[in-house]
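To start, the structure itself, in structure tokens.
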Amino acid sequence: VDRVAARGHARARMAVLVLLAALSIGRGIYVLTVEADRRLVQVSISEGPWRDAMTWLKRQPAPLHVLADPFHPWKYGVSVRLAGEKDVLLDQTKDPALATYDRAIAMRVGERSAALENFDAFTSADVRTLASRYNLDVLVVDATRVFDFPALYRNGGITVYDLR
């Protein structure tokens with residue numbers, strides 16, 4: 001009798017698990033196909049000033065070395081490297097992870113992190129020093145920040161300054 005009861009409980013548990021799995025899969029399919037505004041994966045970059053600036057940057061001759069907020073991927077949703085197809089001095093969302101694989105990279109990421117620590121408070125002199133030290137070509141910043149460099153590109157939210 002105990003074996004019969006145990007098999008019944010095991011079947012009931014299995015039925016509950018199968019039902020939960022089916023509901024989870026069904027919800028996933030619904031979210032990915034029906035609710036377009038709640039996509040799990042987005043193939044294109046969201047429209048806006050950042051995307052426009054990155055499109056402009058992508059059209060510029062390579063190589064072009066960019067100074068941008070080290071946390072720009074968090075702020076704008078996509079990195080300069082991906083959207084603008086240009087190298088950036090530091091991407092704090094990716095570079096520290098790469099640093100775990102190589103001591104030289106770790107040292108470079110640490111040095112650059114320290115150099116960009118107060119990025120939000122940088123003056124034109126600070127930017128000029130970094131541009132000279134790291135051979136940077138352009139500065140990409142929020143349009144509310146004004147520097148005494150020639151502007152190469154402006155839109156409603158982003159300005160690209162020439163550091164050469």
Side-chain angles (χ1 to χ4, degrees), residues 24 26-164:
S24 294
R27 182 180 184 284
I29 290 169
Y30 173 77
V31 167
L32 292 175
T33 59
V34 177
E35 291 189 28
D37 63 326
R38 293 185 60 193
R39 290 177 297 203
L40 179 63
V41 177
Q42 183 173 330
V43 177
S44 64
I45 300 167
S46 300
E47 290 195 30
W50 183 256
R51 177 179 154 183
D52 296 342
M54 294 301 102
T55 300
W56 179 86
L57 200 58
K58 187 187 316 186
R59 291 181 182 143
Q60 303 313 300
L64 199 62
H65 298 100
V66 178
L67 174 59
D69 187 321
F71 294 98
H72 66 273
W74 290 114
K75 290 183 177 183
Y76 302 109
V78 66
S79 72
V80 168
R81 288 180 182 144
L82 179 64
E85 297 179 6
K86 300 295 185 238
D87 192 24
V88 66
L89 183 63
L90 183 66
D91 175 344
Q92 280 288 18
T93 64
K94 185 186 111 192
D95 293 348
L98 291 175
T100 63
Y101 296 103
D102 184 89
R103 178 172 167 67
I105 294 172
M107 299 304 288
R108 188 168 58 237
V109 168
E111 173 197 338
R112 291 176 180 194
S113 293
L116 295 174
E117 193 171 55
N118 296 316
F119 182 84
D120 289 335
F122 277 2
T123 64
S124 294
D126 297 325
V127 171
R128 203 170 276 110
T129 299
L130 281 174
S132 174
R133 180 175 174 188
Y134 294 106
N135 197 29
L136 300 168
D137 299 311
V138 295
L139 169 65
V140 178
V141 290
D142 186 275
T144 60
R145 300 193 59 201
V146 178
F147 292 91
D148 64 1
F149 304 105
L152 296 171
Y153 173 85
R154 289 182 203 264
N155 64 34
I158 303 294
T159 302
V160 179
Y161 290 102
D162 189 354
L163 301 178
R164 295 168 281 190

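Only heavy atoms go into these numbers, but all of them, side chains included; no hydrogens, no water, no symmetry mates.
At a threshold of 4.5 Å between non-hydrogen side-chain atoms, the residues E85 and V80 do not count as touching. The side-chain heavy atoms of L130 and L136, taken from C-beta on, include a pair separated by under 4.5 Å. You'll find the side chain of Y134 reaches within 4.5 Å of the side chain of R112, heavy atoms only. With contacts defined as side-chain heavy-atom distances shorter than 4.5 Å, the pair V140/L67 does not qualify.
Separating the CG atom in D69 from the CG atom in L90 is a distance of 9.5 Å, to the nearest 0.5 Å. Taking CZ of F119 as the reference point, atom CG of D126 lies at 10.5 Å (rounded to 0.5 Å). Summarising the geometry, atom CG belonging to L163 is positioned 5.5 Å from atom CZ belonging to F149; distances are rounded to the nearest 0.5 Å. Atom CG of D137 sits about 8.0 Å away from atom CG of D162, to the nearest 0.5 Å.
When all heavy atoms of L64 and R164 are compared, the pair lying nearest together is CD1-NH1, 3.9 Å. Of all heavy-atom pairs spanning Q92 and S113, the tightest one is NE2-OG, 2.9 Å. A pairwise comparison of heavy atoms in D142 and I158 identifies CA-CD1, 4.3 Å as the closest pair. Of all the heavy atoms in W50 and V78, the pair that sits closest is NE1-O, 3.1 Å. Nearest heavy atoms, R81 versus V88: NH2-O, 3.2 Å. Here the shortest heavy-atom pairing between P49 and N155 reads O-ND2, 2.9 Å.
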Please test D120 against K75 for salt bridge (charged side-chain N to carboxylate O under 4.0 Å, His left out), starting from the C-alpha separation and ending with a verdict.
CA-CA 13 Å; D120 289 335; K75 290 183 177 183; 3.6 Å; yes
Stepwise, does the salt bridge (charged side-chain N to carboxylate O under 4.0 Å, His left out) test hold for D52 with R154?
CA-CA 10 Å; D52 296 342; R154 289 182 203 264; over 6 Å; no
V138 vs L152, test: side chain to side chain contact (heavy atoms under 4.5 Å, CB included). Steps then yes/no.
CA-CA 9 Å; V138 295; L152 296 171; 3.7 Å; yes
Chi angles and distances behind the salt bridge (charged side-chain N to carboxylate O under 4.0 Å, His left out) call for R133, E111
CA-CA 12 Å; R133 180 175 174 188; E111 173 197 338; 3.0 Å; yes
Check step by step if side chain to side chain contact (heavy atoms under 4.5 Å, CB included) holds for M54 and Y76.
CA-CA 11 Å; M54 294 301 102; Y76 302 109; over 6 Å; no
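R108 pairs by the salt bridge (Lys or Arg N to Asp or Glu O under 4.0 Å) definition with nothing, not counting sequence neighbours. When the side chain to side chain contact (heavy atoms under 4.5 Å, CB included) test is applied to P73, the partners found at least two apart in sequence or on another chain are S79, D91, T93.
The aromatic rings of Y161 and F147 stand perpendicular to each other, their planes meeting at an angle above 60°, with 30° marking the opposite boundary.
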